[in-house]
Amino acid sequence: MSLEHALREIKLDLRKYMMKPAKRSKVVKLSEMKDFFMDSEAVEKILSKGKDPVIYQYYEFIEEEAPGHLTIGLTVLYPGKVGKEYFMTRGHFHEKDSAELYYGISGEGILLIQSRQGETDYMVLKPGTIGYVPPGWGHRTINTGRKRFVFLFAYFSDAGHDYGVVKEKGFAKIVIEEKGKPKVVDNPKYLEG
Ligand code: PA5
Ligand code: NI
């Protein structure tokens with residue numbers, strides 16, 4: 001990398017909620033998350049109507065997937081529910097234990113974390129709030145509001161992603177709507193596989 005071209009400028013479009021440049025972007029629809037929501041009947045009911053809603057999308061700026069580099073991204077998580085459970089990201093552990101930073105930009109949601117032993121913790125992520133995920137903790141975000149929940153994230157580029165554990169075992173806690181309000185409760189299907 002020559003000195004003249006060492007700096008990178010990344011622009012956030014806060015009207016369209018886009019990030020440019022982005023080297024990787026992904027749209028995740030409900031059909032890709034069948035095993036992640038607790039209420040599989042509710043999933044099938046939505047899909048059988050010929051609907052496959054976008055749950056979230058994200059953009060990532062990756063300079064190099066090498067030690068020392070940071071990957072910076074923007075996630076747009078749509079509002080909605082599957083049964084009682086709010087729209088959420090799949091969630092993952094990083095293969096290499098390393099921290100991750102979250103910064104709330106718009107809307108409101110929950111940042112849920114879980115250790116490999118199954119302990120959990122969570123916080124509300126709002127515009128202006130920073131969430132620090134410690135190394136080794138799996139993490140997922142949940143949109144508990146009525147608007148798009150948008151946040152910035154940054155993690156070590158060589159961290160790698162493990163989605164398998166969450167897909168098979170789930171998180172110990174889930175976030176549902178009860179009497180019109182979000183509630184963090186035990187996941188009845190946790191560890192079921
Ligand atoms: O890097 C993160 O932890 C997040 O920004 C996510 O990658 C992003 O929100 C999408 O979630 P997931 O990777 O669990 O599908
Ligand atoms: Ni992560």
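Bear in mind that the values here come from a model prediction, so they are computed numbers and not experimental data.
Using a 4.5 Å cut-off between side-chain heavy atoms of Ile, Leu, Val, Met, Phe, Trp and Tyr, with links allowed through other members, I142 and L152 fall into the same hydrophobic cluster. Two different hydrophobic clusters hold Y155 and Y132 under the rule that ILVMFWY side chains link at heavy-atom gaps under 4.5 Å. Note: the hydrophobic cluster containing V184 also contains I113 (ILVMFWY, side chain heavy atoms under 4.5 Å, direct or indirect links). Clustering ILVMFWY residues whenever any of their side-chain heavy atoms sit less than 4.5 angstrom apart, transitively, puts I174 in a cluster other than the one holding M33. Cluster annotation: F93 and Y58 are assigned to the same hydrophobic cluster (Ile/Leu/Val/Met/Phe/Trp/Tyr, side-chain heavy-atom contacts under 4.5 Å, transitive).
Of the possible donor and acceptor atoms, one in the side chain of K189 sits under 3.5 Å from a partner among the backbone N and O of M38.
For the pair K81 and F87, the cation-pi test (distance below 6.0 Å, angle within 45°) is failed.
Below 30°, between 30° and 60°, or above 60°: for Y102 and F153 the angle between ring planes is between 30° and 60°, a tilted geometry. F151 and F149 have tilted rings, their planes meeting at an angle from 30° to 60° on a 0 to 90° scale.
The CD atom of E41 lies 12.5 Å from the CD1 atom of I46; values are rounded to the nearest 0.5 Å.
The environment of OH in Y17 is crowded: more than 12 heavy-atom neighbours from other residues, nucleotides or ligands sit within 6.0 Å. Other residues, nucleotides and ligands contribute more than 12 heavy atoms inside 6.0 Å of the OH atom of Y56. Residue E119 places its CD atom among more than 12 non-hydrogen atoms of other residues, nucleotides or ligands, all under 6.0 Å distant. Shown here is Y122, whose OH atom has no more than 12 heavy atoms of other residues, nucleotides or ligands within 6.0 Å. Residue K51 qualifies as open at atom NZ: its count of foreign heavy atoms under 6.0 Å is 12 or below.
Using a 4.0 Å cut-off between charged side-chain N and carboxylate O, D13 and K20 make no salt bridge.
Between F37 and M88, some side-chain heavy-atom pair lies under the 4.5 Å cut-off. Counting heavy atoms from C-beta on, the side chains of T89 and L77 come closer than 4.5 Å.
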Please output the side-chain donor-acceptor pairs of residues 24-31 that fall under 3.5 Å, not counting sequence neighbours, one pair per line with the distance.
from: R24; atom 1: NE; to: E60; atom 2: OE1; distance (Å): 2.8
from: R24; atom 1: NH2; to: E60; atom 2: OE1; distance (Å): 2.9
from: K26; atom 1: NZ; to: E32; atom 2: OE2; distance (Å): 3.0
from: S31; atom 1: OG; to: D52; atom 2: OD1; distance (Å): 3.4
from: S31; atom 1: OG; to: D52; atom 2: OD2; distance (Å): 2.6

